[in-house]
Peer 1: 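The structure under discussion is supplied below as structure tokens; questions concerning it will follow.
What you see is a predicted model, and the numbers here were worked out from it, not measured in a lab. Residue numbers run from 1 in the order of the sequence given. Just follow the structure's listing: the first ligand is 1, and inside any ligand the first atom is 1.
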Amino acid sequence: MTLKIFVAGEWREGRGDPMVSRFPADGSINAELNAAGLDDVEEAIAAADAAWRAPAWRDRMPHERAEVLYRVSDLIRERLDELAALQTRDNGKPLAEARGLVASAAGTARYFAAACETLEGELPTQRNVDFMTLSQYEPLGVIAAITPWNSPIASEMQKVAPALAGGNAVVLKPAEATPLMALKLAELFEEAGLPKGLLSVLPGRGSVIGEALVRHPKVRKISFTGGTSTGRHLAHVAADKLIGTSLELGGKSPTIICEDADLEQATKGVAYGIFSSAGQACIAGSRLFIHRRRYDEVMARLETIARELRVGHPETPGVHLGPLISEAHRDGVAAYVERAREEGGRIRCGGVIPSEGELAAGSFYPPTLIEGLPHDSAVCQEEIFGPVLVALPYDDEDELVGLANDNVYGLAAGIWSADYRRALRLAGRLEAGTVWINTYKKFSISTPFGGYKESGLGREKGRQGIQAYMQQKSLYLGLDHEPIAWSD
Ligand code: NAD
């Protein structure tokens, strides 16, 4: 059966090319569908433009808009198991991880419902007796939301919830590889009573459907999560149209193990930071700096942990690393490891594509630990987006900070140290939008997230998350009974 897509409040066959959703664990087909066509883009945007202006949404009180998001949050929690199973089929994440992502999407919807209910305008300090001023937040209009394949539902909800809460309409284009969760999200919003047209979901190629969407004159903001080169291109499109962007892009995040760190906690945290999601995380801690005095011990511990992690079918309980999203991506990861070998890197563990048993059927890759490379090598500098950790020793703090910041990205960083004065001093010197100290890859929806340098522009999450989809209108109220006097 061909899966339908959600355009302008209706379920229908897409008018674009045929596409297939596959389970990365064994390549089996999850669903066949037709991608959105250019006519679908037109129709979705026209409906979105009408819907956000319609009294049914725009004039609803914030707490009434919030109701829809609260209902979506409840639906997600009621169906957590079903949604997690679908998420695992969609992109191959182990079930336990998928459950966490689905639960986080429920929390995101609830948080932005509350933010919408409590968002206040501003009453600036008054500077005149003959008028008063105030400032209120209003929607932007039609939002183009474009998402990657690595954390469907979570990254989609992070855009759709604040945008709708802010009174906008959203046209969402999910990644080619993961259309299922985005379409499921549309189903949930429909069931929760979202008026027609406020959300459309258009699976399809970025270069065709994504491009048509962002270039459309009625689109008033591009909210993008994905690779830095695509983000840079979209920033140019937005600049031409003079519209805003939120760009959540790539990373090559440094993790630091200080001399005084608790090594049991640090090495387990580092392994989780790089190997969970099979390394397919923008915030993966993929460069590890270890104080030279602890280097051998840390590497021995990490090697043991990496060898014990279970790579396997994502539906099997207890599996730590599922498959990578596709064979093509897995081959790209393997090519980086080959390059490391050629450049003199030592592969302490992993580094070989599994060729036996159930792992041979899917795009699996083992946890891989590399050392002995110079910091300017490609493996140390470029985002690999797989379970590959490269380790380097350091001697003093200035050298460490120089190396950690010597990268085009600035998404996140991790510090393991028993001394918070040292850790906070270091955190202040790192060029990163998020710094974890004695923990890693933990998130709170109330805390802003975004990148420094080429890791992005703008912030998602937090109360600013909703304001990013709104604009301020200032009002001047005359208090004087006399006509305005001309200045002398
Ligand atoms: P990608 O840039 O290839 O694709 C992301 C999305 O953009 C997809 O939906 C794609 O179809 C679309 N797209 C591609 N070209 C387009 C165009 N010309 N116009 C409009 N849309 C277009 O990224 P990916 O491979 O799907 O995802 C992996 C990347 O995402 C990594 O670099 C990762 O670090 C990054 N990422 C960042 C964050 C973050 O919050 N900073 C989170 C997750 C992933």
Peer 1: Among all protein heavy atoms in this structure, tell me which lies nearest to atom 8 (C) of ligand 1, with the distance rounded to 0.1 Å.
Peer 2: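 Among all protein heavy atoms, the one nearest atom 8 (C) of ligand 1 is T147 O, 3.4 Å.
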Peer 1: To which of P148, G250, G226 does the heavy atom nearest atom 35 (C) of ligand 1 belong?
Peer 2: G226
Peer 1: Looking at K252, E382, E454, which hits side-chain contact (heavy atoms from CB on, under 4.5 Å) with N407?
Peer 2: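 The residue from K252, E382, E454 that satisfies side-chain contact (heavy atoms from CB on, under 4.5 Å) with N407 turns out to be K252.
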Peer 1: With heavy atoms of F449 as the reference, note each atom of ligand 1 found under 4.0 Å away.
Peer 2: 40 (O)
Peer 1: So which heavy atom on L183 is nearest to which on I5, and how close?
Peer 2: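 The answer is CD2-CA, 3.8 Å.
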Peer 1: Over 60° means perpendicular and under 30° means parallel, so tell me whether H375 and F289 are parallel, tilted or perpendicular.
Peer 2: tilted
Peer 1: Look at ligand 1 and say whether I283 reaches it with a heavy atom at a distance under 4.0 Å.
Peer 2: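 No.
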Peer 1: Is it the case that ligand 1 has an N or O less than 3.5 angstrom from some N or O of R205?
Peer 2: no
Peer 1: Is R215 paired with D240 through a side-chain N to carboxylate O contact shorter than 4.0 Å?
Peer 2: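 Salt bridge absent between D240 and R215.
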Peer 1: Just jot down the ligand 1 atoms closer than 4.0 angstrom to any heavy atom of L234, in number order.
Peer 2: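 Checking each atom against L234, I get 19 (N), 20 (C).
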Peer 1: What protein heavy atom is closest to atom 14 (C) of ligand 1, reported as residue, atom name and distance in Å?
Peer 2: T230 CG2, 3.5 Å
Peer 1: Does the pair R79/E191 count as a salt bridge with the N-to-O cut at 4.0 Å?
Peer 2: yes
Peer 1: Counting only heavy atoms, which portion of P174 has something under 4.0 Å from ligand 1: side chain, backbone, both, or neither?
Peer 2: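 Backbone only; the side chain of P174 stays clear of ligand 1.
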Peer 1: Of all the atoms in ligand 1, which lie at a distance below 4.0 Å from a heavy atom belonging to A175?
Peer 2: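 Checking each atom against A175, I get 8 (C), 9 (O).
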Peer 1: Among all the protein's non-hydrogen atoms, which is closest to atom 44 (C) of ligand 1, and how far away is it?
Peer 2: N150 OD1, 3.3 Å
Peer 1: Using a heavy-atom cut-off of under 4.0 Å, does the side chain or the backbone of L411 touch ligand 1, or both, or neither?
Peer 2: side chain
Peer 1: Using a 4.0 Å cut-off to any heavy atom of E211, which atoms of ligand 1 qualify?
Peer 2: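 In order of numbering, the contacting atoms are 17 (C), 18 (N), 19 (N), 20 (C).
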Peer 1: Would you compute the distance between atom OH of Y272 and atom NZ of K442 and round it to the nearest 0.5 angstrom?
Peer 2: 5.0 Å
Peer 1: Does the Y111 side chain pair with the main chain of R463, one donor and one acceptor, at a distance under 3.5 Å?
Peer 2: yes
Peer 1: Charged N to carboxylate O below 4.0 Å: is that the case for E211 and R205?
Peer 2: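 Looking at R205 together with E211, the answer is no, because their closest N to O distance does not fall below 4.0 Å.
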Peer 1: Considering heavy atoms of the protein only, find what lies nearest to atom 36 (N) of ligand 1 and give residue, atom and distance to 0.1 Å.
Peer 2: C282 CB, 3.5 Å
Peer 1: Nearest protein heavy atom to atom 37 (C) of ligand 1, by residue and atom, and its distance?
Peer 2: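 Ranking protein heavy atoms by distance from atom 37 (C) of ligand 1, first comes L249 O, 3.0 Å.
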Peer 1: Parallel, tilted or perpendicular: which describes the rings of H313 and F23, with under 30° parallel and over 60° perpendicular?
Peer 2: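 Rings of H313 and F23: perpendicular, over 60°.
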Peer 1: Could you work out, for atom 29 (C) of ligand 1, the closest of S253, G227, S207 by heavy-atom distance?
Peer 2: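 Ranked by closest heavy atom to atom 29 (C) of ligand 1, first place is G227.
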Peer 1: Nearest 0.5 Å please: distance from the CD atom of E190 over to the CG atom of L75.
Peer 2: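 Here the interatomic distance stands at 11.5 Å.
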Peer 1: Could you check whether E338 pairs with R341 (Lys NZ or Arg NE/NH1/NH2 to Asp/Glu carboxylate O, under 4.0 Å)?
Peer 2: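 Salt bridge: yes.
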Peer 1: Please compare H233, E248, K252 and report which has the shortest non-hydrogen distance to atom 40 (O) of ligand 1.
Peer 2: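 Checking each option, the heavy atom nearest atom 40 (O) of ligand 1 is found in E248.
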Peer 1: Please report the interatomic distance CZ(R310) to OG1(T316), rounded to the nearest 0.5 Å.
Peer 2: 6.5 Å
Peer 1: Output yes when K196 and E10 qualify as a salt bridge under the 4.0 Å nitrogen-oxygen rule, no when they do not.
Peer 2: yes
Peer 1: Counting only heavy atoms not in K268, do more than 12 sit closer than 6.0 Å to its NZ atom?
Peer 2: no
Peer 1: Starting from atom 33 (C) of ligand 1, which protein heavy atom do you reach first, and at what distance in Å?
Peer 2: F385 CE1, 3.2 Å
Peer 1: Could you tell me whether atom 27 (O) of ligand 1 has at least one protein heavy atom nearer than 4.0 Å?
Peer 2: yes
Peer 1: At what distance is the nearest protein heavy atom to atom 12 (C) of ligand 1, and which residue and atom is it?
Peer 2: I146 CG2, 3.6 Å
Peer 1: Would you check whether E176 has a nitrogen or oxygen atom less than 3.5 angstrom from a nitrogen or oxygen atom of ligand 1?
Peer 2: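 Yes.
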Peer 1: Checking a contact table here: which protein heavy atom is nearest atom 34 (O) of ligand 1, and how many Å away?
Peer 2: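 Checked against all protein heavy atoms, atom 34 (O) of ligand 1 sits closest to E383 OE2, 2.5 Å.
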Peer 1: Please determine if T228 has a nitrogen or oxygen closer than 3.5 Å to a nitrogen or oxygen of ligand 1.
Peer 2: no
Peer 1: Just which atoms of ligand 1 are under 4.0 Å from any heavy atom in G210?
Peer 2: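 Result: 19 (N), 20 (C), 21 (N).
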